[in-house]
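See structure below.
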Amino acid sequence: MKVLQINKEDLKHNIDVIKEKAKRTETKIIAVVKGNGYGLGIVEYSKFLIDNGIEMLAVSTVEDAVKLREAGIKADILMMSSTCIEEDVKVLIENNIIITLGSELAVKIADDIARKFSVNIRAHLKIDTGFGRYGFLYNSLEKLIDALKETTNIKIEGTFSHFSQAYAKNEKWTKIQFDRFIAAVSYLENNKINPGIVHICNSSAFLRYPNMHLNAVRIGSAFLGRIIVQNNIGLKKIGILKTQISELKLLPKGYNIGYSNAFKTKRTTKVAIVPVGYYDGYNVRNYPDSYRTIDKIRYLYNAIKDLFKDKKLKIKIDNKKYRLLGKIGMYHMVIDITGNDKIKQGDEIYLDINPLYVDSSIRREFV
Ligand SMILES: *Cc1c(COP(=O)(O)O)cnc(C)c1O
């Protein structure tokens, strides 16, 4: 048995402190619920956010947008990925989703469909300030102005961009992206395009750069308190995997445990088997993807450090910590409970886990 528990009180606390911080800069919160709501279960999590005062959601796929509407969620939903795929645009429009426009063709396709359906489409413009993914390049916006002049059925309600490393210690690149964005917004205004609400911050930028909050912030990971920047507003970590001890066993001295023969018992050892492994998302760490040599070295260093950490990893049962023996398997780990006569098969265990990595087949429970 495995259940992913989401502590409602802690989640509400996180929502409240984020709202409090946003209030200080008078910025609107857009809650990003992509990746199955960061693993919390997109529908139940979104409803919880809305019940606690969040008014706008954002997703990255058409499927997620539809799922939210099918669940009866009426709040504004921003689809953050621009698309030139007509079928997808149609579905988004039918479901009253705010779409993102990131290329001339996307603008044209959206306007054509809107005209055909005789509807007005709500849209945000995406500016690429140096991510190289979605959006009009920040320094060649003439094309955007031209494309928008041709449209009749599109209402621009916002303009945004995305940081590529707002978590990084070095602030230079983030400031460059921010300046490019501000210049792009001015360019639109000078060309009589109302940019609507402007937004660029994700969780890291929200926590680190209050001066960049602008009209709205797009918050994902901060709601779960699982961030790689300093937690300066007291966010609580969301995500506990509840499971049970499945087996107990006595192993003789000098006996191997697990893959790679990485551990050998130094004495007669009583072990407990916990039916959780890396496939369940246990002990999987969140490193931002980056491919510069310096980052590779940094990640390698962290990986080596983690190797030792793995060995030192302690599993808590009834507030006492037990050592992990050998390597974590796909679905199992073995812990040392030598000298303990209280632990029994079936005893419950609660593991700290990042919900994002917990397989979607495992039940979510808001407790
Ligand atoms: C995922 C995402 C966010 C939220 O990122 P967090 O770091 O989890 O807050 C914001 N904007 C865009 C475009 C995203 O894809």
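Only this structure's heavy atoms are used, side chains among them; waters, hydrogens and symmetry mates stay out.
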Tightest non-hydrogen contact, residues A65 and L92, listed as CB-CD2, 4.1 Å
**Message:** Can a donor-acceptor pair be found, under 3.5 Å and without considering hydrogens, that links the side chain of N153 to the backbone of V119?
**Reply:** yes
- Message: Hydrogens and angles aside, do E348 and Q244 bring a side-chain donor and acceptor to less than 3.5 Å of each other?
- Response: no
OH (Y259) with more than 12 external heavy atoms under 6.0 Å: no
Scanning both residues in full, the closest heavy-atom pair of N215 with G196 reads OD1-O, 4.0 Å
Point to revise | Side-chain H-bond candidate by donor/acceptor type, T27 with H213, under 3.5 Å | key: no
_Any donor-acceptor pair under 3.5 Å from S161 side chain to I200 backbone_ = no
CG (L224) and CG (L11) are apart, to the nearest 0.5 Å, by 7.0 Å
Exercise for the section: Answer with yes or no whether the side chains of D336 and T338 bring together a donor and an acceptor at under 3.5 Å. Expected result: yes
Closest non-hydrogen contact found for V229 with S204 is CG1-OG, 3.7 Å
Worked check of side chain to side chain contact (heavy atoms under 4.5 Å, CB included) between K249 and K270:
CA-CA 6 Å; K249 173 171 190 170; K270 187 176 183 185; over 6 Å; no
Joining Ile, Leu, Val, Met, Phe, Trp and Tyr whenever any side-chain heavy atoms lie under 4.5 Å apart, the cluster holding V334 also takes in L251, Y255, I257, F263, V271, L325
### Query
Above 12 or not: heavy atoms from other molecules or residues under 6.0 Å from NZ of K19?
yes
| task | Please check if any side-chain donor atom of N354 sits under 3.5 Å from a side-chain acceptor atom of Y38, or the reverse. | result | no
Nearest heavy-atom contact between P355 and I238 is CD-O, 3.4 Å
Treating D347 as the side-chain partner and K344 as the backbone partner, does any N or O pair qualify as donor plus acceptor under 3.5 Å?
yes
Can you label the angle between the Y331 ring and the Y279 ring as parallel, tilted or perpendicular, going by 30° and 60°? tilted
- Task: Would you check, one step at a time, whether the test side chain to side chain contact (heavy atoms under 4.5 Å, CB included) holds for Y322 with I343?
- Result: CA-CA 11 Å; Y322 299 90; I343 295 175; 3.7 Å; yes
Hydrophobic clustering (ILVMFWY, side-chain heavy atoms < 4.5 Å, transitive) - are I113 and I154 grouped together?
yes
Relative to the ring of H199, is the ring of F160 parallel (under 30°), tilted (30 to 60°) or perpendicular (over 60°)? parallel
L188 with Y134, same ILVMFWY side-chain cluster at under 4.5 Å: no
Point to revise | Exam field: side chain T25 to backbone P210, donor-acceptor pair closer than 3.5 Å | key: no
Q.
Would a single hydrophobic cluster contain both I99 and L105, if residues Ile, Leu, Val, Met, Phe, Trp and Tyr are joined by side-chain heavy-atom contacts under 4.5 Å?
A. yes
Residue pairs meeting side-chain hydrogen bond (donor to acceptor under 3.5 Å, both in side chains), one or both in residues 227-240, sequence neighbours left out, come to none
Report the C-alpha distance between I54 and I219 in whole Å, list the side-chain angles of each, state the deciding distance to 0.1 Å, and finish with yes or no for side chain to side chain contact (heavy atoms under 4.5 Å, CB included). CA-CA 11 Å; I54 298 298; I219 307 294; over 6 Å; no
Taking every heavy atom of P195 against every heavy atom of V185, the minimum-distance pair comes out as CG-CG1, 3.9 Å
Fill in: Crowding at CD, E171 (>12 non-hydrogen neighbours, <6.0 Å)
yes
| Salt-bridged, D16 to K12, with N to O below 4.0 Å? | yes
Cationic N near anionic O, under 4.0 Å, K175 to D179
no
Any link between F131 and L144 through a network of hydrophobic side chains (Ile, Leu, Val, Met, Phe, Trp, Tyr) touching at under 4.5 Å? no
Exercise for the section: Give a yes or no on whether Y45 and L235 share a hydrophobic cluster (residues Ile, Leu, Val, Met, Phe, Trp, Tyr; joining criterion: side-chain heavy atoms under 4.5 Å apart). Expected result: yes
One should read off an interatomic distance between I227 CD1 and S221 OG, to the nearest 0.5 angstrom, of 7.0 Å
* Could you tell me whether the side chain of N7 and the main chain of E9 form a donor-acceptor pair under 3.5 Å? => yes
Next item on the list: Flag the pair Y138 / Q177 as yes when at least one side-chain heavy-atom distance between them is below 4.5 Å, and no otherwise.
Entry: no
Should K28 and M56 be marked as a side chain to side chain contact (heavy atoms under 4.5 Å, CB included) after you check the CA-CA gap, both sets of side-chain angles, and the distance that decides it?
CA-CA 9 Å; K28 178 187 168 83; M56 186 168 177; 3.6 Å; yes
Rounding to 0.5 Å, atoms NZ (K116) and CG (D111) come to a distance of 12.0 Å
In short, side-chain hydrogen bond (donor to acceptor under 3.5 Å, both in side chains) pairs touching residues 66-84 with sequence neighbours left out are D76-R122
When rounded to the nearest 0.5 Å, the distance separating NZ of K143 from OG of S103 is 10.5 Å
Between the CZ atom in R323 and the OG1 atom in T269, the distance rounded to the nearest 0.5 Å is 8.5 Å
Side chains of H162 and R218 only: does a donor on one sit below 3.5 Å from an acceptor on the other?
yes
- Task: Verify the neighbour count for atom CD of E247: are there more than 12 heavy atoms of other residues, nucleotides or ligands below 6.0 Å?
- Result: no
Worksheet item: Are D112 and K108 ion-paired here, with the side-chain N under 4.0 Å from a carboxylate O?
Response: yes
A71 and V43 have their tightest heavy-atom pair at CB-CG1, 3.6 Å
Hey, does the side chain of D318 reach the backbone of K320 with a donor-acceptor pair shorter than 3.5 angstrom?
no
N202 side-chain N/O to A205 backbone N/O, donor-acceptor pair under 3.5 Å: yes
Check for a donor-acceptor pair, side chain of D280 on one end and backbone N or O of Y282 on the other, with a separation under 3.5 Å.
no
ask   = Just wondering, more than 12 heavy atoms not from H332 lying within 6.0 Å of its NE2?
value = no
The reported gap from CG in L68 to CE in M79 (rounded to nearest 0.5 angstrom) is 12.0 Å
